[in-house]
Q: 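My structure is below; once you've seen it, I'll send some questions.
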Amino acid sequence: MGYQGHFRVWRGDASGGAMEDFTVEVNEGEVVLDVIHRLQATQAADLAVRWNCKAGKCGSCSAEVNGRPRLLCMTRMSVFAEDETVTVTPMRAFPVIRDLVTDVSFNYAKAREVPAFRPPEDLEPGEYRMAQVDVERSQEFRKCIECFLCQDTCHVVRDHEENKEAFSGPRFLMRVAELEMHPLDTADRVEAARSEHGLGLCNITKCCTEVCPEHIAITDNALIPLKERLADRRYDPLVWLGNKLFRR
Ligand code: SF4
Ligand code: F3S
Ligand code: FES
């Protein structure tokens with residue numbers, strides 16, 4: 001059975017805005033994005049929201065529901081009480097374009113700062129077989145849909161605009177870790193993680209892992225191993241060099 005749900009949605013643009021109250025019909029099995037679409041269709045035709053797949057796979061519909069970073073298309077209305085007021089706001093860590101749509105170009109800039117995979121120059125196609133364990137390790141990180149919810153939730157940048165220059169955020173530190181763990185990558189990722197991508201600013205709060213819709217163990221499987229490799233390197237740089245030279 002449907003019911004009339006109470007919603008508070010942020011409306012505005014870069015110059016400012018405010019929460020607006022709406023009463024919208026909610027039906028069984030719906031997600032927050034369904035309600036936002038009904039709101040657009042019936043009461044607020046100019047409400048801006050970004051979405052594409054409605055299946056939790058494109059990473060477009062990221063926003064905050066009751067202050068928590070979430071995919072609008074994967075947040076079921078059944079998790080809220082029928083008399084609860086559900087707030088929907090844009091991601092807080094990024095500049096608003098309009099209503100629920102934010103400018104996520106910070107993330108694209110950070111992506112460009114991670115140098116591409118660099119295999120040994122003399123390696124010919126077919127000369128190397130990946131061990132299954134190495135394939136599986138990076139496969140987890142490859143599930144990332146680039147929703148940037150982890151970037152939005154990390155306290156290092158969420159309320160600290162000034163940290164954005166020095167910190168790449170969990171999604172891109174994870175990319176650095178993925179490449180560092182690749183047996184054929186020859187770039188020096190570990191020192192760059194510290195000096196270029198701000199690994200030291202992460203204090204392992206794990207909020208990024210908690211909000212990841214792909215359930216990637218960002219902190220345990222990417223950030224902590226990267227920190228350990230950095231600590232090992234500092235403890236004994238020759239061991240690192242040896243590992244690098246003899247790991248093939
Ligand atoms: Fe989204 Fe998870 Fe990828 Fe972060 S790591 S961008 S939360 S899918
Ligand atoms: Fe931020 Fe995740 Fe580290 S939330 S502080 S990147 S563990
Ligand atoms: Fe694609 Fe939500 S619309 S992840």
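Keep in mind that this is a model prediction, so the values were computed, not measured. All values below come from the heavy atoms of this structure, side chains included, with hydrogens, waters and symmetry mates left out. In listed order, ligands and their atoms are each counted from 1.
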Q: So if I count the atoms of ligand 3 from 1 in the order they appear, which ones are less than 4.0 Å from some heavy atom of G56?
A: 4 (S)
Q: Going by the closest heavy atom to atom 8 (S) of ligand 1, which one wins out of T153, L149, V104, I145?
A: I145
Q: Measure the spacing between CZ of R76 and CD of E30 and express it to the nearest 0.5 Å.
A: 10.5 Å
Q: Considering non-hydrogen atoms of the protein only, which is the closest contact for atom 6 (S) of ligand 1, and what is the distance?
A: F148 N, 3.3 Å
Q: For a distance under 2.8 Å, tell me if C208 has an N/O/S atom near atom 2 (Fe) of ligand 2.
A: yes
Q: Please name the pair of heavy atoms, one in I145 and one in G56, separated by the smallest distance, quoted to 0.1 Å.
A: CD1-O, 3.5 Å
Q: Mark up the atoms of ligand 3 that fall under 4.0 Å of a heavy atom belonging to C73, in ascending order.
A: 2 (Fe), 3 (S), 4 (S)
Q: Is M174 in contact with ligand 1, taking contact as a heavy-atom separation below 4.0 Å?
A: yes
Q: To the nearest 0.1 Å, how far is atom 4 (S) of ligand 3 from its closest protein heavy atom, and which atom is that?
A: G59 N, 3.3 Å
Q: Please walk me through it: do F167 and H197 pass ring-ring contact (aromatic ring centres under 6.0 Å, His included)?
A: CA-CA 5 Å; F167 189 58; H197 308 291; over 10 Å; no
Q: For atom 4 (Fe) of ligand 1, grab the closest protein heavy atom and report residue, atom and distance to one decimal in Å.
A: C150 SG, 2.3 Å
Q: At less than 4.0 angstrom from any non-hydrogen atom of K57, what atoms of ligand 3 do you find?
A: 4 (S)
Q: Give me the nearest non-hydrogen protein atom to atom 2 (Fe) of ligand 1 as residue plus atom name, then the distance to 0.1 Å.
A: C212 SG, 2.3 Å
Q: Quick check on contacts: which atoms of ligand 2 are under 4.0 angstrom from a heavy atom of T205?
A: 4 (S), 5 (S), 7 (S)
Q: Atoms of ligand 2 less than 4.0 Å from N203 heavy atoms?
A: 5 (S)
Q: Using a strict cut-off of less than 4.0 Å between a Lys/Arg side-chain nitrogen and an Asp/Glu carboxylate oxygen, indicate whether E180 and R137 qualify as a salt bridge.
A: no
Q: If you count heavy atoms of other groups shown closer than 6.0 angstrom to CD of E28, is the number above 12?
A: no
Q: Do any of the N/O/S atoms of C61, backbone or side chain, fall under 2.8 Å from atom 1 (Fe) of ligand 3?
A: no
Q: Please determine, by modelled atom types, if N66 and E84 share a side-chain donor-acceptor pair under 3.5 angstrom.
A: yes
Q: Are any non-hydrogen side-chain atoms of C154 and P170 less than 4.5 angstrom apart?
A: yes
Q: Are R8 and D21 close enough for a salt bridge, meaning some N to O gap below 4.0 Å?
A: yes
Q: Can you pull out the closest protein heavy atom to atom 7 (S) of ligand 2? Residue, atom name and distance to 0.1 Å, please.
A: K206 N, 3.3 Å
Q: Look up atom CD in E20 and atom CG in L47, then write down how far apart they are to the nearest 0.5 Å.
A: 9.0 Å
Q: Find all atoms of ligand 3 within a distance of less than 4.0 Å from any non-hydrogen atom belonging to N52, and give their numbers and elements.
A: 3 (S)
Q: With salt bridge (Lys or Arg N to Asp or Glu O under 4.0 Å) as the criterion, how do R11 and D46 come out once you've worked through the C-alpha distance, each side chain's angles and the decisive distance to 0.1 Å?
A: CA-CA 10 Å; R11 307 287 321 264; D46 61 342; 3.0 Å; yes
Q: Would you mind listing which atoms of ligand 2 come within a distance below 4.0 Å of any non-hydrogen atom of H155?
A: 5 (S)
Q: Heavy-atom distances under 4.0 Å decide this one: backbone, side chain, both or neither, for M74 against ligand 3?
A: neither
Q: Please could you name the atoms of ligand 1 that P213 approaches to less than 4.0 Å, counting only its heavy atoms?
A: 7 (S)
Q: Atom CZ of R68 and atom OG1 of T75: how far apart are they, to the nearest 0.5 Å?
A: 9.0 Å
Q: State the atoms of ligand 1, each with its element, that fall below the 4.0 Å cut-off from a heavy-atom position in C144.
A: 3 (Fe), 5 (S), 6 (S), 8 (S)
Q: Find all atoms of ligand 3 within a distance of less than 4.0 Å from any non-hydrogen atom belonging to K54, and give their numbers and elements.
A: 1 (Fe), 3 (S)
Q: About how many Å separate CG of L72 and CG of D34, when rounded to the nearest 0.5 Å?
A: 10.5 Å
Q: Give the atom numbers and elements of ligand 1 that come within less than 4.0 Å of a heavy atom of I218.
A: 5 (S)
Q: Working note: V104 + M91, criterion side-chain contact (heavy atoms from CB on, under 4.5 Å); need CA distance, chi angles, decisive distance, verdict.
A: CA-CA 9 Å; V104 293; M91 284 193 284; 3.9 Å; yes
Q: Write out the residue and atom name of the closest protein heavy atom to atom 1 (Fe) of ligand 1, then the distance separating them to 0.1 Å.
A: C147 SG, 2.3 Å
Q: May I ask you to identify the nearest protein heavy atom to atom 3 (Fe) of ligand 2, giving residue, atom name and distance to one decimal place in Å?
A: C202 SG, 2.4 Å
Q: Where on L223 is there a heavy atom closer than 4.0 Å to ligand 2, on the side chain, on the backbone, on both, or on neither?
A: side chain
Q: What atoms in ligand 2 come closer than 4.0 Å to a heavy atom of C207?
A: 4 (S)
Q: If you group Ile, Leu, Val, Met, Phe, Trp and Tyr by side-chain heavy-atom gaps below 4.5 Å, do M74 and V49 land in one group?
A: no
Q: Which atom names give the shortest non-hydrogen contact between N163 and V156, and what distance separates them?
A: ND2-O, 2.8 Å
Q: Heavy-atom contacts under 4.0 Å between E146 and ligand 1: side chain, backbone, both, or neither?
A: backbone
Q: Going by the atom numbers of ligand 2, which of them fall below 4.0 Å from some non-hydrogen atom of T219?
A: 7 (S)
Q: Less than 4.0 angstrom from a charged side-chain N to a carboxylate O is my criterion; do D152 and R92 meet it?
A: no
Q: Please determine whether salt bridge (Lys or Arg N to Asp or Glu O under 4.0 Å) holds for the pair K57 and E214, giving the CA-CA distance in whole Å, both sets of side-chain angles, and the decisive distance to 0.1 Å.
A: CA-CA 9 Å; K57 286 294 163 222; E214 286 293 315; 2.6 Å; yes
Q: Establish, from distance only, whether the side-chain atoms of D83 and H6 form a donor-acceptor pair under 3.5 Å.
A: no
Q: Which of the atoms in ligand 1, numbered in the order shown and given with their element, are less than 4.0 Å from a heavy-atom of R171?
A: 6 (S)
Q: Looking at every heavy atom in both F94 and D103, which two are closest together, and how far apart are they?
A: CB-O, 3.4 Å
Q: Would you say C53 has an N, O or S atom lying under 2.8 Å from atom 1 (Fe) of ligand 3?
A: yes
Q: Under 4.0 angstrom from ligand 1, any heavy atom of V211?
A: no
Q: Just jot down the ligand 2 atoms closer than 4.0 angstrom to any heavy atom of P170, in number order.
A: 6 (S)
Q: To check your reading of the model: name the closest protein heavy atom to atom 1 (Fe) of ligand 2, its residue, and the distance in Å.
A: C154 SG, 2.3 Å
Q: Give the numbers and elements of all ligand 3 atoms closer than 4.0 Å to a heavy atom of C58.
A: 1 (Fe), 3 (S), 4 (S)
